Amino acid sequence: MSSTQFTDALPAGSKILWFEIIKILGKGGFGITYLGRDTNQDQLVAIKEYLPSTFASRTEGRQVHPNSPSCKDKFEWGLRRFLKEAQILARFRHPAIVRVVSFFRDSNTAYMVMEYVEGEGLDGLLKRKKTLTEQEVRKLLPPLLDGLEVLHNANFIHRDLKPPNILIRRDESPVILDFGAARQSVGDDMTSLLSLGYSPFEQYDSSGERQGPWSDIYAMGGVIYRCISGRKPADAAMRIASRLRNDQDPMKAAVEVGKGRYNPLFLAAVDKALEVLETDRPQSIKEWRTMLGIEPTASVAVVKKVLGRGPATSSDDKAPEVKRKKSSWRSFIASINEFSAPAGNLGDKPLTSAKTPDTKTPATLNQSATLAHKTNSDEEIAAPTSAPRTTAGQTAPKKIPAPKILVEGLTKTEFVKIMGGTFQMGSPAEEPGRKSDEGPVHTVTLDTFWLSRIPITWQTWNRIMGDFPKGIFTPDLALYPVERVSWNMVQKFVERLNKYAKGNKLFRLPTEAEWEYAARAGTQTPFPSITDEKELHAFAWYKSNSAEKTQPVGEKRYNPWGLSDMFGNVWEWVEDGYDPHFYQSSPVNNPKGPDTSEKKCLRGGSCRSPAKECRSANRMQASPKLVSNLVGFRLVMIRTNNETTT
């Protein structure tokens with residue numbers, strides 16, 4: 001599909017951060033989906049751009065703006081919900097749910113980066129074959145039902161199930177695409193919220209009060225009906241109207257159209273899903289699955305398992321009680337209304353408990369600072385002379401000289417004293433995986449600084465920022481690295497922390513030079529303490545061993561200077577602006593990159609990075625507005641009160 005067909009589309013070859021546009025995959029009323037390439041990982045991705053054509057368009061310089069002042073509120077409303085939809089989807093890990101790998105704001109709009117799934121839409125398959133056999137339908141249903149049950153167990157519904165939103169991979173496994181609920185109320189045209197024939201009647205009510213798992217069950221019943229009959233179901237509004245007039249249902253029952261080709265009990269279960277009154281349908285996937293005679297592909301876990309956190313609970317657990325008039329089941333749009341305000345509106349929020357947030361009687365910053373002052377003292381601890389605990393099958397690391405470690409009183413985080421010194425920064429031309437911005441190798445001399453031993457965790461973030469961004473933190477995330485925080489949001493964290501410190505110490509992000517010096521830990525090899533990247537698994541959570549999701553910090557071996565998770569798990573923001581040519585004129589003493597607001601540097605790789613991205617010298621750049629579930633940070637502390645450690 002050529003970009004010339006759509007005047008507002010980005011042309012092929014355009015770059016958004018490190019993603020390159022290849023071509024258009026599709027366009028709807030609310031945005032454009034592109035095939036793109038992640039130039040850092042050299043892999044194809046799907047990029048969804050928020051561009052509601054009815055009230056916004058692209059102007060010069062790739063910027064997207066509302067068409068008139070009267071459209072501004074609608075545009076901003078939809079933009080916020082687009083980002084929140086991405087934020088929610090990024091939490092799920094299921095083979096039948098399309099995976100969101102990143103999302104961010106750029107050019108006055110927003111982008112959602114998803115895995116690129118190659119295959120054929122179910123609509124295309126049905127166009128070729130017209131109908132499917134019962135065996136073919138039964139092969140598709142188990143993973144789709146399992147994926148929906150995962151969503152429903154997390155109190156979310158899809159709201160836009162139909163053949164074009166189900167893609168069949170090359171290995172014949174299905175995946176659900178395009179969670180369209182973020183469209184609700186963006187435009188005035190109610191039909192933009194509906195897929196006629198697949199949307200149940202309760203979805204015509206924009207309040208969403210009567211919607212729930214049964215709404216997705218109706219839509220999936222419609223998808224099966226299309227597979228059986230070769231035509232989509234009759235519109236739910238027409239069916240309701242006929243019922244009110246005591247006329248015959250305009251849609252033939254599945255037991256009639258599939259007679260002789262499908263099991264009668266299976267057809268009856270499809271008809272039950274397509275009951276026009278929601279109270280007459282199965283109320284859960286578990287109930288409907290039993291009626292269909294389909295076994296789950298595996299025990300379906302609650303949302304903690306989907307997120308890769310905590311123990312799994314099987315789908316046999318008691319289902320939540322459903323109150324129909326004030327539904328406890330939320331559509332995506334209902335849930336995202338509860339998420340955070342923009343970082344720029346953070347203000348001086350109080351410290352709050354993650355378990356018992358108090359939104360009715362907020363404390364002032366001064367009250368919070370008083371609390372912080374009581375815990376502002378630092379405590380030296382005896383550092384281990386051997387590496388941390390090992391997991392089963394992991395070789396115990398060699399003993400290393402004990403670094404000087406201090407438990408900082410405000411964050412309750414361990415900081416390691418990194419003694420000043422001189423090293424060679426960058427990588428030689430012959431280093432495997434090297435990029436041009438890593439050279440030339442140059443001499444750098446640094447002063448002594450303290451660096452947090454691990455990436456900042458959700459527990460530490462919550463201690464300082466409270467429940468911000470709202471709704472993300474849960475106690476089971478406490479020891480995981482904080483992510484989904486932009487460089488700008490980190491500056492808010494640092495600003496608040498420095499207020500609490502009252503001049504006794506200063507916190508900031510490390511510079512690129514400080515980060516690389518600490519990561520190298522006295523070595524000049526691509527990875528410290530190892531000679532082969534195959535040994536990286538002992539030091540890092542990366543693509544080969546992480547299941548491509550973040551892991552609790554401190555579980556891998558420390559580097560020779562006592563630092564953990566310097567490689568993998570999450571990319572780490574550093575203080576510097578990004579300049580690919582900075583090394584050519586870098587100062588020798590305590591260098592810092594350009595102070596630019598356009599691009600900031602990240603280091604260390606992530607849980608989805610190949611080994612080459614986890615090298616000590618590897619550099620990455622991104623907008624300071626980037627919010628990604630692959631990006632976190634660690635802190636530098638400078639002690640200003642003349643305290644010393646021994």
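Being a predicted model, the structure only gives us computed values, none of them experimental. Because only heavy atoms are used, hydrogens play no part in the values below, and waters and symmetry mates are left out as well, while side chains stay in.
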Ignoring hydrogens and angles, state whether a donor on the side chain of K612 or N618 is under 3.5 Å from an acceptor on the partner side chain.
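There is no such pair (donor and acceptor under 3.5 Å, judged by atom type) between the side chains of K612 and N618.
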
For the residue pair S486 / N488, report whether a side-chain donor-acceptor contact shorter than 3.5 Å exists.
no

Would you find a donor on one side and an acceptor on the other, under 3.5 Å apart, between the side chain of [X] and the backbone of [Y]?
X: T457; Y: T460; result: yes
X: S546; Y: W541; result: no
X: T411; Y: T413; result: yes

Taking the six-membered ring of F582, is the NZ or CZ of R619 close enough (under 6.0 Å from the centre) and on axis enough (within 45°)?
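Ring-cation test returns no.
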
Do the numbers put R639 on top of the ring of W450, so that NZ or CZ is under 6.0 Å from the six-membered ring centre and no more than 45° off the axis?
yes

Does the pair [X]/[Y] count as a salt bridge with the N-to-O cut at 4.0 Å?
X: R37; Y: E20; result: yes
X: D106; Y: R62; result: yes
X: E516; Y: R520; result: yes
X: E512; Y: K600; result: no

Taking the six-membered ring for Trp and the full ring for Phe, Tyr or His, determine whether the centres of Y558 and F539 are under 6.0 Å apart.
no

Out of curiosity, E575 CD to C601 SG, how far, rounded to the nearest 0.5 Å?
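Output value for this atom pair is 11.0 Å.
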
Atom pair CG (L406) and CD (E408), whose distance is rounded to the nearest 0.5 Å
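That separation rounds to 7.5 Å.
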
If you compare all heavy atoms of F415 against all heavy atoms of L635, which two are closest, and at what distance to 0.1 Å?
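Scanning both residues completely, I find the closest heavy atoms to be CE2-O, 3.6 Å.
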
Are the side chains of L35 and L44 in contact, using a 4.5 Å heavy-atom criterion?
yes

Determine whether R608 and L630 make a side-chain contact, defined as any pair of heavy atoms from C-beta on separated by less than 4.5 Å.
yes

E598 atom CD, over 12 foreign heavy atoms within 6.0 Å:
no

Heavy-atom neighbours of K625 NZ exceed 12 at 6.0 Å
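Count not over threshold, so no.
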
Partner set under salt bridge (Lys or Arg N to Asp or Glu O under 4.0 Å) for E431, not counting sequence neighbours
R615

Partners of R434 by salt bridge (Lys or Arg N to Asp or Glu O under 4.0 Å), sequence neighbours excluded?
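By the salt bridge (Lys or Arg N to Asp or Glu O under 4.0 Å) rule, R434 matches no residue at all.
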
Is there a side chain to side chain donor-acceptor pair (under 3.5 Å) between Y578 and D437? Walk through the geometry before answering.
CA-CA 10 Å; Y578 174 77; D437 63 356; 2.7 Å; yes

Taking it one step at a time, do T448 and K417 satisfy side-chain contact (heavy atoms from CB on, under 4.5 Å)?
CA-CA 7 Å; T448 296; K417 191 172 188 179; 3.8 Å; yes

